[in-house]
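Encoded as structure tokens, the structure appears first; notes follow it.
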Amino acid sequence: AYEARAIIYSAGARRRKLGIPGEQEFDGKGVAYCSTCDAPLFGGKDVAVVGGGNAGLEAVVDLLPYATKIYLLEYADALKGDPVTQQHVTSSGKVEIILNAETKEVKGEKFVTGLMYKDRVSGEEKMLAVGGVFVEIGSVPNSEPIKDLVTLNKYDEVVIDHKTAATSEEGIWAAGDVTDEMYKQNNISAGDGVKAALSAYRYLLNKRH
């Protein structure tokens, strides 16, 4: 146990996983969770992106300059991302959209060689020959330790004042992907951490007077 007069909570978030065979085995060997980080590694390859929300659509956009062909798989019967990005994705000749797709297994040897999915309408299982699988179905904030201390939103993200990084509880600040910050990027998280530190510093100075 540690005693402190101020707390900065920055526990980040964890990627939501598919939970299918092969996903963990080929993590880092063709299975990826960050298109902005890893898209250039898949130059000249066919790849699959799982997730038809904004994260999935943006992953496709990141992959367009590099991948030869991109399969976009969505569990539901329609894409869920914003219309402008949808238009950008669907107008590319590189992208094939597969709706009603339930991912079943990542295949591979040393690296990913394919992705098996089931057509939820016909029940037929199909195989895509791909060299990469990008899982873009969202993330889960690591907010469990402070869920009873501060206000969380419906996504279990810590709600902060974006000017000061303050939470709903006096003396507690939060920064990074655990918060309701819109853009989940390392450099933004680092800046929010500095903001939280400066706010906590000012708070402690005021407490001394």
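Numbers for residues simply follow the sequence, beginning at 1.
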Next item on the list: Would you kindly say whether Asp82 and Thr85 are connected by a side-chain donor-acceptor distance under 3.5 Å?
Entry: yes

Notebook entry, point to check: Would you say the side-chain atoms of Thr164 and Ser199 include a donor-acceptor pair closer than 3.5 Å?
Noted result: no

Would you mind writing out the side-chain donor-acceptor pairs for residues 119-141 within the sub-3.5 Å range, not counting sequence neighbours?
| unit_1 | atom_1 | unit_2 | atom_2 | d |
| --- | --- | --- | --- | --- |
| Asp119 | OD1 | Val121 | N | 2.8 |
| Asp119 | OD1 | Ser122 | N | 3.1 |
| Arg120 | NE | Tyr75 | OH | 3.4 |
| Arg120 | NH1 | Tyr75 | O | 2.7 |
| Arg120 | NH1 | Asn100 | OD1 | 3.4 |
| Ser122 | OG | Glu124 | N | 3.2 |

Checklist line | Any side-chain donor near an acceptor of the partner, Glu157 and Asn153, under 3.5 Å | finding: yes

Notebook entry, point to check: Any ion pair linking Lys118 and Glu105 (charged N to carboxylate O, less than 4.0 Å)?
Noted result: no

Next item on the list: Quick one: list whatever passes side-chain hydrogen bond (donor to acceptor under 3.5 Å, both in side chains) with Glu23, sequence neighbours left out.
Entry: Tyr33

Next item on the list: Could you check if a side-chain atom of Val112 sits within less than 4.5 angstrom of a side-chain atom of Lys29, using non-hydrogen atoms only?
Entry: no

Checklist line | side chain to side chain contact (heavy atoms under 4.5 Å, CB included) against Thr103, all qualifying residues, sequence neighbours excluded | finding: Leu18, Ile20, Val50, Leu73, Leu115

Next item on the list: Report the residues that fulfil side chain to side chain contact (heavy atoms under 4.5 Å, CB included) with Thr167, sequence neighbours left out, ordered by chain and then residue number.
Entry: Val150, Val158, Ile160, Glu169, Ile172, Ala174

Notebook entry, point to check: Between the side chains of His162 and Asp180, is a donor N or O closer than 3.5 angstrom to an acceptor N or O?
Noted result: yes

Next item on the list: Hey, could you give me each pair passing side chain to side chain donor-acceptor pair (under 3.5 Å) that has a residue in residues 5-15? Not counting sequence neighbours.
Entry: Arg14-Asn142, Arg14-Glu144

Next item on the list: Mind checking side chain to side chain contact (heavy atoms under 4.5 Å, CB included) for Thr113 and listing every partner two or more places apart, or none if nothing turns up?
Entry: Lys107

